Each structure stands twice: as C-alpha cells, then as structure tokens.
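Everything on this sheet refers to the single structure shown next.
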Amino acid sequence: MVAMNDKFLKPYNPQETEPRIYKMWEESGFFNPDNLPARHQEPFTIMMPPPNVTGILHMGHALMLTTEDIMIRYQRMQGKKALWIPGTDHAAIATQSKVEKEIYKKEGKNRFELGREELLKRVDQFAKDSHDTIISQVKTLGSSCDWSREAFTLDENRNLAVRTVFKKMYEDGLIYQGHRIVNWDPKGQTTISDDEIIYTEEKTKFYYLKYGPFTIATARPETKFGDKYVVMHPEDKRYAKYKHGQKIDLDWINGPITATIIKDEVIDMTFGTGVMTITPWHSKEDFDIAVRHNLDKEQIIDKYGKLLPVAGEFSGLKITDAREKIIEKMKAKGLLEKEEDYVHNIATAERTGGKIEPQIMNQWFVAVNKPFTLAHSDITGIKSGTKTTLKEIMRKTVDQGQIKIIPDYFSKTYFHWIDNLNDWCISRQIWYGHRIPVWYRGTEIFCSEEAPKGDGWVQDEDTLDTWFSSALWTFSTLGWPEKTEDLKIFHPTDVLETGYEIIFFWVARMIMMTGYNLGTVPFKNVYFHGTVRDGQGRKMSKSLGNGMDPMEVAQKFGTDAGRLALIIGTAPGTDSKIDENKIRGYKNFANKIWNITRFVLTSIESFDLESKPELTPKDQKILAELQIITKEVTTDIDEYRLYMASEKIYHYIWHTFADIIIEESKGALNGSDEVAKKSIQYTLYEVLKTNLKLLHPFMPFVTEEIWANLPHKNKSLLMIETWPK
RNA sequence: GGGCGAUUAGCUCAGCUGGUUAGAGCGUACGAUUCACAUUCGUAAGGUCACAGGUUCGAUUCCUGUAUCGCCCACCA
C-alpha cells in the first residue's frame, strides 16, 4: 500500500518549498564534487562569470545562472564530477566610481579629498555588502555551485595570481611601460582601454580656419594652438607646389608661427579641404603621423581638461569654455572662413560618461604582437618551445577548433576583433584594484611578486584594468600558481557560458592569458547567451522602468517558473523577450506536474512498488516512446540546445503524459482487468519518475520536492539520481 | 565606412546537414467541464515562409542581388 503525502492535496507552493529545498541541497554537500558518490569520476567544470559587486542581480544574471545550472545539474546526473565555482568581480572602475558618486552626493567630497586609504575602506565595505546580497540571490535562483571554492577577483589568492603573471610577462617583455597615446577620462581621472569607450553622436560646428595659404577644417579649434605641422596627401595636385619639409610663416591664433609641410598618405583628399594640421599629443591618428615623420609633440590640454600655458590668454580655461572664445578671436583676426553644422561620434567613457581626451602618458601595456617563446604548449598549431605571439594564441585556439564557439557565427566577430587588435593598456589611475607590482627608487625599477628589500622604494601608484584579473579566472580559481590537485583535475574547463557583449573584454583575454601561462585553453566551449529584453523587445533599464527583478519573479511565481520562462525559446546568442504572462504559464506548469503526481500517487495506492508486472502492448509502446523522447532531450542538451530540450519535456509532460496517457489510463485503472490495471499503474509511475529526472535540471525545486515525497524505497536526492537512458 | 545577424500564423519565436498536408507557446473564437489541475480539456482559425533571380527532379531550408530592421567594430581631421 502506498500512502500519499497530504501536501499534494493543495496546489504547489514554491515560496515555501524553494528555500527549504536549497538548504537541503547545501547540507547534502553534493554541490562540492569531492562529496559525490564514487561513480562520479570524469570531471565537468564551469567557472561562473563573476557578477560585479556593484549592485544586485538582473534578469541577465538569472539567465546566465539558470543556463549554467542546467548544464551542471545535467552533467552531475550523467555521473560527472561536476564542479561549478562561484565568485564575484571587484569590477574596479565600475565599483569605485559608484562609491565615489555616492560619497560626493552625501558628503560633497571627491576621492582626492578623502584619500586613498579612506576611499578603499569605503569601497571595500560597499563591495562586501553588495557581495552578500548577490550571493543570497544566486542561491535563491537555485544555483548548485560549490560554495566551498568561492572566489573573488580581488582576494589574496587571485592577487597572488595577478602578481605572478605580471612578473612573468614583464620578464618576457610582454608587459612594458611606455609613453604612448592613451584614452584619458578627465572625469574619472584615469586611462581606459579601447574597449571601454562608447561612441555617442554629437552635434557640433565644423570650422574652416585660415592657416597661412591653406584652409583647415576642424571641430576642435581649442586643440590647435600648438599645431605647427600641416599635412596633405603627396599626390594632391592642389598642393603640388608645396614640398615635404618646407617651412611657411603664418599668423595663427596667438601670433606668428612657423609651420612645416608634411606629406602623408593617410590624408583623405576628398574630406574637408584635404589639408589638416596635427595635434599629436591629443589624437591617435596625429600621433601616428608624428611618429612616422619624427615630429615634435606638445601637450595642450592637462589631465583635468584645461588648457595649458601654450594657449596663452586662454590658459587655464576648460576646453568647452575656451572654444567659443577662441573662435571669436579668430573671427576678429579674419582667420575664420566659414562654419558648418556637423554631426560626429565622440568617444566617452563607458563608466563615467566623461569625454575621452587622448593624452600621451606613461602607462603599462600588454604587447599582443611581440614574439616570445612558449615553453609548454598543448595548443594545436603551436609547438612547445617555439616562438609565438599572444595574438597567435588567440587566433589558433579558435581557428583550429580547440575552442568551439556557440553559436558559431560569433567566431567571425572574434577573428575580426583580433585582426584589429592593438596593445592593451592595463594601467588605471584608480585606487580600487590590483596594485601594479612594480617599485621605483630613483631611476631603478623593480618588478616582482613581493616588494623589494631595502629603503626608499616606492610602489607604482596605479592599479590594473579589472579585466586583467578576470582573464586569469579559470585557473586562478583553481589555486594557480600553486600546482594544485584541482588544477590538474578540473582544467581546462568544459564550458564558458557568458553574454556575447564581453567576448572581447573577457573571452579573448582569458584565451590569451591561459595560453600564455598554462600553454592550453581555458575552456573547450564558449556558449553565448543573448540579452534579456522586456515583452516589447526593449532592453531592460532603470530609466525605462521596465526592469524585472529576478527576486520578485521568484517571490511571485517561483524560481522554477522564472527559469523555464528564461530558457524555453531562447536559442544561444539570440536575445530573448520575457514578460509576466510567459512566467505565469510556467508557474501553471509547475502546478501541472504537481497535480500529475497527485493523480499518479492516488492511482497506485493499491500497487506493490517492488513488483514488475506484465505490461500490456499499449503500455510497452508508451515506455518505448518515452525512451525516444529521453534520447532526443539528451542529444539536445549535449549539443547545447537547451531551449529545445526544455520545450520538448514541457510538451511531452503536458500534452502527452497528462492529456493522453493519463486520460486514457482511467479506463484501465477503474476497470476489472487486473493485469491491465497493474500494467498501467507501473507505467504511470515509471513515466512520472523519468520525467522528473528529465525536468530536474530545468525546474530543480519542484522536481526535487516531488521526488522527496515519492513512495519508493532506496532513493537518493534527485540531484544525484542517474540520468535516464 | 567595415563586419555580423534578422525578416516564417495577430504577438513571441522553432524549423539541426534541402523532400509527402510549414510547427510550438501566448492571444483570439466556439464548445465542454464541480469525476488529478487557485481551473483544465476539446475544436477552430486558411502564413505569397521580405522581394527578385539562380542551382536542383524538388528550397522556408543552398548561392547571388535588392529592401527594411537590429547589433558590433572604426583615428575621417
């Protein structure tokens, strides 16, 4: 006799169930692969892309965590030694600027008034609070990750990894210091990398200025004070009478100067007047021209965005204030020929919104094209002990198929980026982050993991780009540079699951750093998920007020429902839309399977679970079809088609199991044929059990709760049950 | 300016390597339901698979071009 738990008489209650089940999982210890039963030998690893400690999780995080949890739960049930390491990211600039803004709002102080030590104290506290919130949210979403191995990109172990890598690359000449043109953010008071720039359209004036016998066009007259080179294309017939290197005296903004003619092929003869003057200190293109012809470079704008003494009477003015005044003066001097309206893209800093002012500064860079010897290599196409470059590592690993990108078309984007890649500026003039492990004493310079002995050494003030430590994530989380057992077992990892928007920031740099430090790949597969949008396809944002809080979803509909709503219909790499109706549908589905269980358990009350009755042909057919579905679902998950797998299970449970199998079972259940009755009782229970297993990775809570209340003996937690064949 | 992707039922999308009547979910319409279901079940609605060519015995599915939309990259002074 089988007694049904009374709880099935009421509708499924996710709010009560989910926290209780999560606690049970945690206490079981099975999130940690070391505690799994002996059959779990072959490793399967995912490193969680660490959420920034800048706030709370959004639906994008929920999609990420759900996708990864499905993969991990599935592999765990497949008998893999499944490891999913969770963590958080200090997100240097993002976090510091957020805290800075708050302090300024409340106390009216900027970071320089506060001081390095005090600011770091505040940021640390903020990061800690934020971390705690995030962790509890990750748990609410059902993530079966190993909390005993949790990591933070700025903790001691990760810092050691960073220092170790820096030193090694410094000694290999792959990290170098140099006066080069960088993206300076006057608002954030730091450099940023090319990838942290966002271009926004700006309407402005385009001025045509008389420069001796020439007319030059510019949108930025305030940078023109020091311009003493005038550049044109060598084949431009209009200017054929001027010779390269020729000197010309002319009257400029603040009086007479001597200009030098430069001929260079980068000039576009069709744009403007085909002539331009250059400002090498504040323009990448101009800088390149200056380097090519060995020209002088002069700084015009300081790091606060103010004009330097070279601007004469305009010295000390902010560039925006100076512009009009300069134009007035030029007009008065008769140097302004005409002005036009003009729309162009200006570079702004992603985090602060500051207008980027290129500057020549002494910064640290990673050389991506410089050859070095890779001592040990498991990378296809690069032999151990041969010369290679970081760029080649990035290219070969994907090109040769050692890393598979899903969906495949993103590899095109990836290669395109690599082709245009320049050296990576890694130093930042902010305080929150990994401090550069370099010390100076007079003209001496010292780089190592630890500070040098002796007096008078001063450490470099700068910190590293946050992506530097992120780039080490797959191996720094496993204990590198120690040669740990974990590293041996779990690396390379199996899947990197992340958003396509960080393919360059993170994915490429992980490949580069892992190739360089370990001579291998960080992961075998990259799975990109898309952006989660609202029901109308708009990006969720605070200003639109259309954001959806995963915690509210969990509260209102249950995490399981939210998970399924995020996964079904979401092919890798494509954006997905989600609204409450969709989630409500899957909440009903959770209740549907709850009721199916109720029906099945009521129907088998007289059945002996230990027996294996003779099956009717009809029931044999049902079980055979179930096996086909099982195979299809398994293949879909193996090939990362989670959206298909989940939909198939959903469809099978609702429209085959409930609508057909159960409906048609009623006759036999209520009939007098004992053989048919026993047969369908057995079949119903088998179908239920298999479906719970198939559904578990997708809807872990409701399935585990039902499983716990099934009457058969010798069962373990559903999360470590064997995946059906 | 360069690159990538999308265009399939009212809406949101599937359709993997080309093949009999092109699918799902939601929505809509009608009907049935206190017999597992804070409901559920059944039935239905007639989409030139953006457009134009091509390859093929045969294309929504492959190729070329066009149009519209979206995303990414980019130093046009």
Side-chain angles (χ1 to χ4, degrees), chain A residues 4 8-13 181 183 194-195 197 199 206-209 216-220 223-224 227 230-232 266-279 282-289 342 344-345 347 356 358 407 409-417 419-422 500-501 503-504 530-531 533 535-537 539 564-565 568-571 573-579 581-582 584-603 632 635-636 639-641 643-644 647-648 650-651 654-655 658-660 662-663 665-666 669-670 684:
Chain A
M4 185 180 71
F8 287 109
L9 297 176
K10 290 181 195 158
Y12 174 60
N13 178 352
I181 193 143
N183 309 305
D194 294 346
D195 303 289
I197 288 178
Y199 289 93
F206 202 46
Y207 303 101
Y208 287 79
L209 306 175
I216 60 161
T218 181
R220 301 205 54 191
T223 64
K224 297 291 164 199
D227 288 9
V230 57
V231 192
M232 61 211 67
V266 299
I267 299 297
D268 179 353
M269 289 186 270
T270 64
F271 186 80
T273 57
V275 182
M276 71 172 192
T277 62
I278 57 168
T279 317
H282 302 290
S283 156
K284 172 78 165 55
E285 188 185 29
D286 295 1
F287 178 83
D288 290 343
I289 294 172
Y342 184 56
H344 69 153
N345 289 330
I356 296 304
Y409 57 77
F410 275 112
S411 39
K412 290 182 194 167
T413 312
Y414 176 81
F415 289 129
H416 189 253
W417 179 77
D419 290 341
N420 298 307
L421 186 61
N422 292 316
Y500 58 73
E501 67 276 6
I503 181 168
F504 311 131
T531 306
R533 298 169 180 278
Q536 294 162 50
K539 230 175 181 165
L564 213 55
I568 291 187
T570 305
T574 48
D575 294 352
S576 58
K577 300 180 179 66
I578 192 165
D579 57 31
N581 277 335
K582 192 173 176 188
R584 188 174 294 113
Y586 296 117
K587 177 187 155 68
N588 290 346
F589 178 61
N591 197 51
K592 184 78 185 177
I593 188 156
W594 186 257
N595 274 297
I596 287 171
T597 307
R598 173 176 166 184
F599 177 84
V600 171
L601 293 187
T602 315
S603 307
E632 285 179 16
T635 307
D636 282 339
E639 291 172 8
Y640 299 100
R641 294 190 297 264
Y643 64 103
M644 288 198 101
E647 194 174 335
K648 265 180 200 155
Y650 170 87
H651 207 255
W654 200 310
H655 299 295
D659 290 350
I660 299 173
I662 285 185
E663 284 309 317
S665 75
K666 288 175 183 173
L669 287 170
N670 298 320
L684 287 175

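Labels below follow one simple rule: chain letters A, B, ... track the order of the sequence lines, proteins then strands, and each chain is numbered from 1. Every value quoted in this text rests on a predicted model; they were computed, and no experiment measured them. Heavy atoms only: backbone and side chains are in, while hydrogens, waters and symmetry mates are out.
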Report task. For the pair A:Trp654 and A:Tyr650, name the ring-plane relationship: parallel under 30°, tilted 30 to 60°, perpendicular over 60°. Result -> tilted
From [options], nucleotide with atom closest to [X] side chain:
| X | options | answer |
| --- | --- | --- |
| A:Phe504 | B:rG15, B:rC26, B:rC72 | B:rC72 |
| A:Glu647 | B:rA24, B:rA77, B:rC37 | B:rA24 |
| A:Trp654 | B:rC16, B:rU40, B:rC37 | B:rU40 |
| A:His651 | B:rG2, B:rG25, B:rA38 | B:rG25 |

Base, sugar-phosphate, or nothing for [X], non-hydrogen atoms under 4.0 angstrom?
| X | value |
| --- | --- |
| A:Asp659 | sugar-phosphate |
| A:Ile662 | base |
| A:Lys592 | base |

Query raised in the report: Of the non-hydrogen atoms in A:Asp227 and A:Ile278, which two are nearest, and what is the gap between them?
Result: OD1-O, 2.8 Å
Report task. Provide the closest heavy-atom pair for A:Pro358 versus A:His282 in the form atom of the first, atom of the second, distance. Result -> O-ND1, 2.8 Å
Taking the same atom, [atom1], in [N] and in [M], what whole-Å distance lies between them?
| N | M | atom1 | value |
| --- | --- | --- | --- |
| B:rC37 | B:rA32 | C1' | 16 Å |
| B:rA22 | B:rU64 | P | 28 Å |
| B:rG31 | B:rA36 | P | 25 Å |
| B:rA24 | B:rA14 | P | 16 Å |

